[in-house]
Amino acid sequence: MAYTKKIVAGIGDKIQYLTRDYSDNTIRFIVRYQGRIHSEILRDATQKVVESVDVLHASFHATDSQAYWLVHEDYTVNDYFQMLETQEDPMEKANELSLLSIQPKDKTQLRCYLVRRMTESVIVLLVSHICTDGIDAKYLFEKLTEAYNNLLDKGNAWNVKIKNGSRATEQIYNNVPKKDYRSLLKNPMSKVKTEFPYPTKGKGTPRMIYTSIPKDMTERVNGFAKLHSVTFHDVLLAACCYAYSELPGKNATEPMNLVLRNDLRKCCRNGDSEGVSNMMGSVPIQLPNGLGDSFSATLIHIATQTKAAKDAPAAGIEGMPIVHGAAKSLPMKMLTTLSGKMNGNSTISVIDLGDIDTTTIELGKVIPDMGVFAGSLRKKPGMQISVMSVDGNVTLCIAGLYSEEDEELLQTMLNRVADEVKKHALF
């Protein structure tokens, strides 16, 4: 296997690789467009993105002592792009393709699929989670569309600049005063585990479950949120707690703990990482006595915690110096042995990428009308709810290895979350 250079893996790369026994380490997007996308231009745009960042055309390797990237120049178009024409609903094929995985030893760590039917197109973008998290994966999707539009308008994408500086996770400590560093050594995670009650114990097969909240409804819910001095995201988290309490074997008085995944780039020197990387933190959202007396009481309790996390510069970094120190100093064999303790938290987590303005991902005059974001395929007992909206149309998604019975209950929960959110729309 030909390669041009070897890059020592960073802390974030190694930590994410160690989760391989719990997830497939692949971030996925499905975006549907009402119009016909040019396959050749999208192919060249994908090439532009892949060749702009070394680790996107590299394979990841780990030995007992170290981990590293081998950067390749002999990759082919099929390694990063494929186009399929279909007579059926393109979303069906897109859903199938989205369940594929990027493998560490693949020559490219980003792959784009275009599925077309007449004047309808769907893009599936897969990105290795070892390279980056959901925030920078979304950034790469936006750069893909920028490259496409430059190629369409100018015939080249020379002016498209993709950040390719340091990928070091340690950048999150840039703005932490030395006097506060010791306080980061404590573990903020609760001992309460809010686990999804899967009806079956078997391994399961790759599945993606999602539901949507339309723009007109989210706008009304935003009115309700503003009236209560909270955010739509707070309403969504409260709805998750209510939906969880209705699952088999659960109740409203049971202590709950959700793990909120938050972006730590705000802690970097310029508010962003220098290169595409993994920089997500974890913030616990806790209801020690279960649900409040009313939805509003529960909502305020949650909103108080999310606001405190937003206002605290180092929220999400607590406990990380210990993990980062181990990843930096210990050999991979020992880290692998410890990975069970590092990744053993099976509490339900929530990640919200926020809203994407259609103008940032439109392709020429072809505009998207819906999008789905999903993190890695989780293995039971883990579960993550991934949230993203396109022009105000919100999609909630769960991806993982599940049985048919598991899928039915997961769909029931997502539908209940969406219904609970809709209850609080102002008419």
Side-chain angles (χ1 to χ4, degrees), residues 12 15-16 18-28 129 132-138 187-198 207-211 231 233-245 247 250 254-264 278-288 302 305-306 309-310 315-320 323 339-354 372-388 394-402 406 409-410 413-414 416-418 421:
I15 291 174
Q16 193 60 50
L18 292 172
T19 69
R20 67 193 183 282
D21 290 335
Y22 305 89
S23 71
D24 77 331
N25 268 329
T26 303
I27 298 168
R28 36 196 45 96
H129 205 336
T132 182
D133 55 27
I135 297 294
D136 268 348
K138 182 180 77 168
N187 183 0
M189 292 296 111
S190 168
K191 293 182 179 180
V192 174
K193 289 188 177 183
T194 299
E195 298 181 332
F196 190 84
Y198 293 104
R207 297 172 189 266
M208 182 181 289
I209 304 102
Y210 56 87
T211 193
T231 66
H233 182 63
D234 294 326
V235 176
L236 182 64
L237 291 176
C240 286
C241 293
Y242 270 75
Y244 179 80
S245 71
L247 293 172
K250 306 301 175 182
E254 180 178 335
M256 298 182 198
N257 173 45
L258 298 180
V259 174
L260 180 61
R261 302 290 287 159
N262 69 324
D263 183 14
L264 298 179
N278 279 292
M279 291 195 175
M280 297 299 286
S282 296
V283 174
I285 301 298
Q286 303 175 50
L287 297 177
I302 289 173
Q305 295 178 68
T306 59
K310 290 176 184 176
I317 303 182
E318 295 94 338
M320 281 194 167
V323 177
S339 64
K341 294 181 179 180
M342 294 168 64
N343 297 291
N345 191 337
S346 54
T347 291
I348 294 173
S349 63
V350 180
I351 178 171
D352 189 348
L353 294 191
V372 181
F373 155 63
S376 301
L377 294 176
R378 297 295 179 97
K379 297 179 182 179
K380 294 183 285 188
M383 191 266 267
Q384 177 173 274
I385 300 175
S386 302
V387 186
M388 183 179 77
V394 177
T395 302
L396 316 176
C397 181
I398 299 171
L401 299 178
Y402 306 122
D406 297 332
L409 189 58
L410 287 164
M413 177 171 174
L414 279 188
R416 284 176 177 167
V417 172
V421 170

As an exercise, state the distance from [atom1] of [X] to [atom2] of [Y], rounded to the nearest 0.5 Å.
{"X": "K138", "Y": "D263", "atom1": "NZ", "atom2": "CG", "result": "9.0 Å"}
{"X": "T395", "Y": "L353", "atom1": "OG1", "atom2": "CG", "result": "11.5 Å"}
{"X": "L410", "Y": "M208", "atom1": "CG", "atom2": "CE", "result": "13.0 Å"}
{"X": "M280", "Y": "L264", "atom1": "CE", "atom2": "CG", "result": "7.5 Å"}

Do [X] and [Y] have side chains that get closer than 4.5 Å, going by heavy atoms?
{"X": "Y402", "Y": "I209", "value": "yes"}
{"X": "I351", "Y": "Q384", "value": "yes"}
{"X": "L377", "Y": "T26", "value": "no"}
{"X": "M256", "Y": "K250", "value": "no"}
{"X": "I398", "Y": "F196", "value": "no"}
{"X": "P255", "Y": "L287", "value": "no"}
{"X": "E254", "Y": "S245", "value": "no"}
{"X": "K310", "Y": "T231", "value": "yes"}

Side chain to side chain contact (heavy atoms under 4.5 Å, CB included) against S23, all qualifying residues, sequence neighbours excluded |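 In terms of side chain to side chain contact (heavy atoms under 4.5 Å, CB included), with neighbours along the sequence ignored, S23 is linked to T19, N25, S376, R378.
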Indicate yes or no for a side-chain donor-acceptor contact from [X] to the backbone of [Y] under 3.5 Å, with no hydrogens or angles considered.
{"X": "R28", "Y": "G375", "answer": "yes"}
{"X": "N257", "Y": "P284", "answer": "no"}
{"X": "H129", "Y": "T132", "answer": "yes"}

For [X], give me all partners under side chain to side chain donor-acceptor pair (under 3.5 Å), at least two apart in sequence or on another chain.
{"X": "D406", "result": "T200, K380, S403"}
{"X": "E195", "result": "S346"}
{"X": "R207", "result": "T205, E407"}

Shortest non-hydrogen separation from [X] to [Y] and the atoms involved:
{"X": "R261", "Y": "S349", "result": "CG-CB, 4.5 Å"}
{"X": "L414", "Y": "L396", "result": "CD1-O, 3.7 Å"}
{"X": "A418", "Y": "T211", "result": "CB-CG2, 4.1 Å"}
{"X": "S386", "Y": "F373", "result": "CB-O, 3.3 Å"}
{"X": "M383", "Y": "M413", "result": "CE-SD, 4.1 Å"}
{"X": "Y198", "Y": "P381", "result": "CE1-O, 3.5 Å"}

Applying side-chain contact (heavy atoms from CB on, under 4.5 Å), run through L258 and C240 and close with a yes or a no.
-> CA-CA 9 Å; L258 298 180; C240 286; 4.2 Å; yes
For D234, what residues pass the salt bridge (charged side-chain N to carboxylate O under 4.0 Å, His left out) criterion, not counting sequence neighbours?
->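 For D234, no residue satisfies salt bridge (charged side-chain N to carboxylate O under 4.0 Å, His left out) once neighbours in sequence are set aside.
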List in chain and number order the residues that pass salt bridge (charged side-chain N to carboxylate O under 4.0 Å, His left out) with K379, two or more places apart in sequence or in another chain; answer none if no residue qualifies.
->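 K379 satisfies salt bridge (charged side-chain N to carboxylate O under 4.0 Å, His left out) with no other residue.
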Going through the checks in order, is the side-chain contact (heavy atoms from CB on, under 4.5 Å) test met by V421 and L236?
-> CA-CA 6 Å; V421 170; L236 182 64; 4.0 Å; yes
Give me the one residue out of I317, T306, N262 that meets side chain to side chain contact (heavy atoms under 4.5 Å, CB included) with V283.
->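 The residue from I317, T306, N262 that satisfies side chain to side chain contact (heavy atoms under 4.5 Å, CB included) with V283 turns out to be N262.
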Do Y244 and I348 pass the side-chain contact (heavy atoms from CB on, under 4.5 Å) test, and can you show the C-alpha distance, the side-chain angles, and the key distance before you say yes or no?
-> CA-CA 10 Å; Y244 179 80; I348 294 173; 3.8 Å; yes
V350/V259 under side-chain contact (heavy atoms from CB on, under 4.5 Å): CA gap, chis, key distance, verdict | CA-CA 6 Å; V350 180; V259 174; over 6 Å; no
